[in-house]
Amino acid sequence: MKIGVIGAGHIGSNAARLFVKAGNEVAIANSRGPQTLEPLVEELGDNAEAVTVEEARDFGDIVFISIPLGRISELPTNGWENKIVIDTNNYYPDRDGNIAKLDSGSTTSSEMLLQHIPGARLVKGFNTIWFEHLRSQGNADLPLDQRRAIFIAGDDSDAKAAVARLIEDIGYAAVDTGFLHDGGLSQQPGTAIYNKELTAAEAAKVMTAGA
Ligand SMILES: NC(=O)c1ccc[n+]([C@@H]2O[C@H](COP(=O)([O-])OP(=O)(O)OC[C@H]3O[C@@H](n4cnc5c(N)ncnc54)[C@H](OP(=O)(O)O)[C@@H]3O)[C@@H](O)[C@H]2O)c1
C-alpha cells in the first residue's frame, strides 16, 4: 500500500518506520521541506521518499497526519475528497491554549481537522499511544486479542476497516471506539484508554466497564 505521512516528528517518523517494515511505500513530509528529511528517508530505504505536504496527500491510499493541533490550519484545504486520513492529534489546553468548543465537548480536535480538509474519510487513531510504545510494542506474532490496542474512531466503516488492516499489519490490534464525535471524545487525554498499555482483550473490558 502507498501511505502519505504528514508530520515527521515523534509519531510520524516512528509510524513511517513501521509502515515501511510492514512492506508499504511511504512518502513523508514536514513543514520545512523534503530536503530536511533526507537522513530519515535514507534510514527508511528504497520504499520511502521525502516529499511536500501536497505530494504526500496525493501519494497515499491512506494519509497519516501527525502534526500539532495548532498547525492544522497550515494544511491545504483541497484535494482530500475520498482520501482515507488517519489523524493522530490531541488537544492539551496547557500546550495548545484553550479552545472553547473543545473545552465544552461540542466538537473534537479530529472534527476540527476534518472541517479543514473536507471530503476526507477521517479516522482518529494512534493518538492514545506514546511514541516510544508505538516504536516498540507491536508484535505481529501474537494473536490479535493479546496485542497492544490502537484505538480508532470514525464515521466511515470502510475507511476504519482499511486503517484496522494497516494497524494489524504493523503488529497491533485495532479497537473501534465508535463514531468520530463520541469515539473521539472517548479517546481524548485523560480518558480510561488514553496512554494505557492495554491489549485488545483488556481494552474491551475497560470499554465495557465505562459504558
Ligand atoms: N508524542 C507522542 O507520543 C504522541 C502520541 C500520540 C499522539 N500525539 C499527537 O500527534 C501529533 C504529533 O505529535 P508528535 O509528538 O509526533 O509531534 P512532533 O514530534 O512535534 O512533530 C510534529 C511534526 O509535525 C510537522 N509539522 C508541523 N506543522 C506542519 C505542517 N503545517 N505541515 C507539515 N508538517 C508539519 C513538524 O515538521 P517541522 O519540524 O518541519 O515543523 C514535525 O515533523 C500531535 O497532535 C500530538 O498531540 C503525540
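All values derive from a computational prediction rather than experimental measurement. Just follow the structure's listing: the first ligand is 1, and inside any ligand the first atom is 1.
- By the 30° and 60° cut-offs, the orientation of the rings of Phe19 relative to Phe64 is perpendicular.
- No side-chain donor from either of Gln188 and Thr191 sits under 3.5 Å from a side-chain acceptor of the other.
- Near ligand 1, Ile6, Gly7, Ala8, Gly9, His10, Ile11, Asn30, Ser31, Arg32, Val53, Ser66, Ile67, Pro68, Arg71, Glu74, Thr88, Asn89, Asn90, Arg95, Phe126, Asn127, Ile129, Trp130, Phe131 each place a heavy atom less than 4.0 angstrom from the ligand.
- Asp58 and Lys83 get closest at one heavy-atom pair: O-NZ, 3.3 Å.
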Walk me through it: do Tyr194 and Asn127 pass the test side chain to side chain donor-acceptor pair (under 3.5 Å)? CA-CA 8 Å; Tyr194 187 79; Asn127 71 300; 5.9 Å; no
Start with the C-alpha gap between Arg147 and Glu168, add the side-chain angles, then the distance that decides, and say whether salt bridge (Lys or Arg N to Asp or Glu O under 4.0 Å) holds. CA-CA 9 Å; Arg147 296 187 192 179; Glu168 291 174 14; 5.7 Å; no
Please step through side-chain contact (heavy atoms from CB on, under 4.5 Å) for the pair Leu102 and Leu69, ending with a clear verdict. CA-CA 12 Å; Leu102 295 181; Leu69 174 62; 3.9 Å; yes
